[in-house]
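See structure below.
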Amino acid sequence: MAPTTKSKSTTKMSATGTETNKTVHSPLLTYFSMISLLTLCPPFVILLWYTMVHADGSVIETWNYLRQHGLQGFMNIWPRPTVVAWKIIACYAAFEAALQLLLPGKRVEGPISPAGNRPIYKANGVAAYVVTIITYLGLWWFGIFNPTVVYDHLGEIYSALIFGSFIFCIFLYIKGHLAPSSTDSGSCGNLIIDFYWGMELYPRIGKNFDIKVFTNCRFGMMSWAVIALTYCIKQYEANGRVSDSMLVNTILMLVYVSKFFWWEDGYWNTMDIAHDRAGFYICWGCLVWVPSIYTSPGMYLVNHPVHLGTQLALYILVAGILCIYINYDCDRQRQEFRRTNGKCLVWGKAPSKIVASYTTSSGETKTSLLLTSGWWGLSRHFHYVPEILSAFFWTVPALFNHFLPYFYVLFLTILLLDRAKRDDDRCRSKYGKFWKLYCEKVPYRVIPGIY
């Protein structure tokens, strides 16, 4: 992709925000889903924080409070963004933006876009991750900044993120209309759809600052690790020790995020980056939903430590690490298959594959290789199975006194099943008869033998 290109594409998006003229869901369901998420996600973030921190994780307690006090009660528990919250967010965002721009990294080419562009990235995610974690722990260790301040102002931070990220998404909408970064942009003519799904596939500021890499990776995923550490440090500062349940939760989350940054250049080939445009769905979600919802099991454990015992804690830890490894190996297997153009070994044997041709929006005919062996011979999206199980294993240290810590596992399951369907429909539209042949060879979408 040439980031300096400013011509605007005439590509029309469907109601799902993709470049295809086929929708994944019915228009009515699509609009209902968009309006629901736009209006319900922000208050849910606040309600989850309030329930975890101030209502002992009890949904019933929060429900009884709202039933008694109504809308005014909800307004009373919504924290107002404070100067402290804005300072924390601004410093963190500026730090991560600086690392993204300044740290060295190898040049990586992304996949060819629907308009025929090829984005160029600088792969310095591992370095940014290591610098971030060391800096955060160092500030705490040397008494320069206490991470408990983040926890103590968590509601205010989430509130500020909610409003600030809405403004950021408005900026993306305006930029997409006035100054798109590439030809992979366009409007469907509907303001709500354009705002929700986004106008640009690869928005950038200047030549080198990729907005989606910042929102998805350097702010969203990095904040997952930072906030997980914050919860662990808060429990230590409050109780003088860290419970084994919190240790298992924190270690598994950090292993998962470490895996993500180790594989970051592979992530740039996924649906999030290569197919979903930069709008509310992706960018607000990564800026707000990831740091608040994805970390929520740890948020619960801060004030509700559980003693698992060494044996059970180790069983959960090993099971979780195994799932994270399988999730990584699935992505590694496919990435190696693509990198070598199919000339590699998969589980010790030459891989089986389908050579599929397709036509880009500019009329060029290209080919792709579809892997049908290894993990990818079990199901078309088998990598989602260990990802969901990983989330379960870093949540289960909270045991089962309350349902809310498991909300992330439920949400992730729904998200990934929907993503699997969207990806299947996109590939069916893209590859046609070749995708039908692929589905005959790999009949299950996610869970082998079941779904």
Side-chain angles (χ1 to χ4, degrees), residues 1-9 11 17-19 93-132 168 171-172 175-176 178-186 198-222 259-279 282-283 286-287 331-332 334-341 358 360-369 426 430:
M1 173 173 124
T4 55
T5 301
K6 296 296 180 184
S7 59
K8 190 169 183 177
S9 170
T11 300
T18 62
E19 291 75 16
F95 184 74
E96 292 304 328
L99 294 182
Q100 181 177 333
L101 285 171
L102 301 177
L103 287 177
K106 67 177 181 179
R107 181 180 182 272
V108 174
E109 293 184 348
I112 297 175
S113 71
N117 299 312
R118 186 182 288 276
I120 306 300
Y121 302 102
K122 182 167 65 171
N124 58 8
V126 172
Y129 179 65
V130 171
V131 170
T132 297
F168 181 74
F171 159 76
L172 291 177
K175 180 185 180 302
L178 301 180
S181 299
S182 78
T183 54
D184 285 289
S185 61
M199 296 285 295
E200 296 186 77
L201 185 60
Y202 296 119
R204 294 193 172 189
I205 297 175
K207 183 179 180 180
N208 298 316
F209 190 76
D210 189 287
I211 290 176
K212 279 169 73 177
V213 170
F214 175 75
T215 58
N216 294 29
C217 306
R218 306 312 166 77
F219 194 101
M221 290 300 296
M222 200 75 76
K259 182 271 298 182
F260 173 86
F261 283 107
W262 182 261
W263 171 77
E264 187 184 46
D265 54 347
Y267 173 70
W268 295 332
N269 292 277
T270 65
M271 178 177 283
D272 286 356
I273 300 293
H275 303 288
D276 287 338
R277 297 190 178 203
I282 284 293
C283 294
C286 289
L287 294 172
D331 292 320
R332 182 206 59 79
R334 182 171 60 179
Q335 195 172 5
E336 181 69 8
F337 174 77
R338 287 172 173 171
R339 187 186 66 81
T340 62
N341 202 30
Y358 65 96
T360 68
S361 59
S362 60
E364 295 181 80
T365 299
K366 297 184 178 296
T367 60
S368 288
L369 298 181
R426 180 186 62 81
K430 178 178 180 179

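The figures that follow rest on heavy atoms only: side chains count, while hydrogens, waters and symmetry mates do not.
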*asked:* Which heavy atom of L178 sits nearest to which heavy atom of P180, and what is that distance?
replied: C-CD, 3.7 Å
_Atom pair OH (Y202) and OG1 (T183), whose distance is rounded to the nearest 0.5 Å_ = 11.0 Å
*Evaluate the criterion side chain to side chain contact (heavy atoms under 4.5 Å, CB included) for residue pair T365 and Y358; output intermediate values, then yes/no.*
CA-CA 6 Å; T365 299; Y358 65 96; over 6 Å; no
*asked:* Run K430 and S368 through side chain to side chain donor-acceptor pair (under 3.5 Å) and show every step you take.
replied: CA-CA 11 Å; K430 178 178 180 179; S368 288; 4.8 Å; no
_Run S113 and L201 through side chain to side chain contact (heavy atoms under 4.5 Å, CB included) and show every step you take._
CA-CA 9 Å; S113 71; L201 185 60; 4.1 Å; yes
_Close side-chain approach of I282 to D272, heavy-atom, < 4.5 Å_ = yes
*Hey, could you give me the CG/OG1 distance between D276 and T270, rounded to the nearest 0.5 Å?*
8.5 Å
*asked:* Do E264 and V126 have side chains that approach each other closer than 4.5 Å (heavy atoms only, starting at C-beta)?
replied: no
_Heavy-atom closest contact (T132 atom, E96 atom, distance)_ = OG1-OE2, 2.8 Å
*Any side-chain heavy atom of P111 sitting closer than 4.5 Å to one from W268?*
no
*Hey, could you give me the NZ/CG distance between K122 and D210, rounded to the nearest 0.5 Å?*
12.0 Å
*Quick one: pull up NZ in K212 and OH in Y267 and give me the separation to the nearest 0.5 Å.*
8.0 Å
*For the residue pair F168 and C283, what are the closest heavy atoms and their distance?*
CE2-CB, 4.5 Å
*Answer yes or no: is there a side-chain heavy-atom contact under 4.5 Å between F209 and R204?*
no
*Take R426 and M271 through the test side chain to side chain contact (heavy atoms under 4.5 Å, CB included) and record every step on the way to the result.*
CA-CA 10 Å; R426 180 186 62 81; M271 178 177 283; 4.2 Å; yes
*Atom CG of D265 and atom CD of E109: how far apart are they, to the nearest 0.5 Å?*
12.0 Å
_G110 versus Y121, closest heavy-atom pair with distance_ = CA-CE1, 4.0 Å
*Least distance between heavy atoms, L172 atom then A278 atom*: CD1-O, 3.8 Å
*Is the Lys NZ or Arg CZ of R218 less than 6.0 Å from the centre of F260's six-membered ring, within 45° of the axis?*
no
*Could you tell me which non-hydrogen atom of C286 sits nearest to which non-hydrogen atom of T215, and how far apart they are?*
CB-O, 3.2 Å
_Ionic contact status for E200 with R277, cut-off 4.0 Å_ = no
*Do Y129 and M221 pass the side chain to side chain contact (heavy atoms under 4.5 Å, CB included) test, and can you show the C-alpha distance, the side-chain angles, and the key distance before you say yes or no?*
CA-CA 10 Å; Y129 179 65; M221 290 300 296; over 6 Å; no
*Say you draw a straight line from CG of N216 to CE of M222; how long is it, rounded to the nearest 0.5 Å?*
12.5 Å
*Can R338 and E336 be said to form a salt bridge (Lys or Arg N to Asp or Glu O under 4.0 Å), step by step?*
CA-CA 5 Å; R338 287 172 173 171; E336 181 69 8; over 6 Å; no
